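Keep in mind that what you see is a predicted model, and the values were worked out from it rather than measured.
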Amino acid sequence: MAVVTSRIELCGRLADACGPFVDLALPVEGLPVPELISVLGEHFPALQDGLSKGRIRACINETIVPDEAIVLPGDIVALFPPVSGG
Amino acid sequence: MAVVTSRIELCGRLADACGPFVDLALPVEGLPVPELISVLGEHFPALQDGLSKGRIRACINETIVPDEAIVLPGDIVALFPPVSGG
Amino acid sequence: MSSHVELTEAGFDPAARLATFSASLGDEGAVVSFTGRARGKAKDGNAVGALVLETYRGVTLASMQAIAGDAHERFVITHSHVVHRAGRILPGEAIVFVATASPHRRAAFEAADYLMDRLKTEAVFWKREEHPDGASWIEPTAQDQADTVRWLQSEG
Amino acid sequence: MSSHVELTEAGFDPAARLATFSASLGDEGAVVSFTGRARGKAKDGNAVGALVLETYRGVTLASMQAIAGDAHERFVITHSHVVHRAGRILPGEAIVFVATASPHRRAAFEAADYLMDRLKTEAVFWKREEHPDGASWIEPTAQDQADTVRWLQSEG
């Protein structure tokens with residue numbers, strides 16, 4: 001399976017375990033958001049806890065996307081834990 | 001019947017017809033508020049219209065009083081049409 | 001805890017009032033303010049030259065104080081500030097300013113809303129608009145009355 | 001009609017914002033403002049040294065703009081002003097300021113209330129409190145969530 005290393009930004013409390021950026025190998029055809037989260041937890045066990053608390057949303061190229069969106073290598077990807085304005 | 005002339009202040013739109021003050025002869029034993037209003041309308045027919053629009057409340061010695069209150073000669077009396085703050 | 005209630009013939013600056021109010025606070029997280037401004041157009045679209053607010057002796061201020069007291073009793077607010085103009089007010093000038101502070105956002109909003117609803121319908125003022133061709137008395141609208149009744153129906 | 005939405009790392013003065021906002025208005029009769037201030041005590045009573053608000057690229061400002069746009073669509077307001085701090089905020093400093101103007105008192109109150117409820121639960125910020133012994137992340141409370149749901153249940 002051809003893979004490309006992609007950088008994923010972890011926002012808010014998700015950055016506590018491994019810092020704000022992690023690198024992950026993505027298949028060239030990409031991964032849907034829930035699978036990305038699951039693969040990330042497998043590669044970075046320290047992230048498991050944070051990824052399982054509250055709903056995690058993905059942001060691709062500065063747009064918050066629905067779960068069925070596909071994350072492709074080269075995308076600017078961030079994972080958002082629940083937000084807390086004001 | 002012993003009477004004493006009393007000055008009654010007319011507030012808001014009630015002052016339009018006869019100015020802000022009218023003098024009225026009150027019996028020494030006083031008058032309940034609804035009778036005061038009715039006597040006032042008889043003595044000053046120009047006030048009738050204003051006195052019949054909306055609920056008129058009486059203020060005796062700087063306190064807004066219920067209708068059963070008695071207005072006595074010597075009281076500082078004012079009649080309030082509906083108020084309109086802010 | 002503090003309550004400032006003021007009746008003034010002089011113009012006042014709502015932003016300066018908000019600054020003073022905020023500076024007086026402790027650790028409250030929420031501050032709400034309302035400013036009511038004199039409008040240059042009446043509800044029927046006619047031009048208004050000025051708004052004139054009449055008061056009656058100490059009764060007007062006392063009616064404002066009673067309303068502020070009720071707000072402190074009813075809502076979890078720590079500070080309130082109420083200023084009301086009397087006399088002749090030009091379009092664009094502030095008529096009334098209310099500020100509330102609370103640890104809780106909802107209480108600060110509700111208390112300011114409540115203060116305004118009751119000031120509009122129960123504070124002792126008589127208001128008239130001066131038009132080019134005369135003056136007309138303004139009384140609370142059906143909406144103002146309905147707004148005040150909300151607070152009788154719900155507790156909180 | 002105008003909408004000002006701003007994200008800033010620098011401190012700002014809510015009273016100065018209210019002054020600027022008021023000066024920008026036409027004949028609106030009602031102006032409501034809300035200020036959210038950083039508290040020196042956490043909900044559990046512990047001292048808070050500072051509040052830190054993280055953002056994400058252009059997404060945070062875009063989320064604020066979307067909320068302001070919805071408020072203009074939903075309520076009869078003519079002007080709105082929304083400022084949100086990011087970065088490190090000390091107790092007593094303003095975190096967020098919202099102002100709304102309308103010909104109608106109720107619309108101005110409701111729009112400010114709505115803006116705050118949605119900013120609290122949907123604007124893209126992550127907030128942590130710095131304590132003497134570490135830091136803790138803050139998420140919207142059950143009350144915050146319930147406040148936002150109010151606007152889904154009622155239309156207007």
Seminar exercise, completed: Heavy-atom nearest pair, B:Glu62 first then C:Gly58, reads OE1-N, 3.4 Å
For this session: Please confirm whether the backbone N or O of B:Pro81 pairs with a side-chain atom of C:Trp126, one donor and one acceptor, at under 3.5 Å?
Result: yes
Problem set entry | Which of C:Met116, C:Lys127, C:Lys120 touches chain B most, by non-hydrogen pairs under 4.5 Å | C:Lys120
Exercise. So what's closer than 4.5 Å to chain B heavy atoms on C:Glu54: side chain, backbone, both or neither?
Worked result: side chain
Problem set entry | Euclidean distance, C:Tyr56 OH relative to B:Ile64 CD1, rounded to 0.5 Å | 10.0 Å
Problem set entry | C:Leu119 versus chain B, the contacting section by heavy-atom distance below 4.5 Å | backbone
For this session: Nearest 0.5 Å please: distance from the CZ atom of B:Arg13 over to the CD atom of C:Glu139.
Result: 4.5 Å
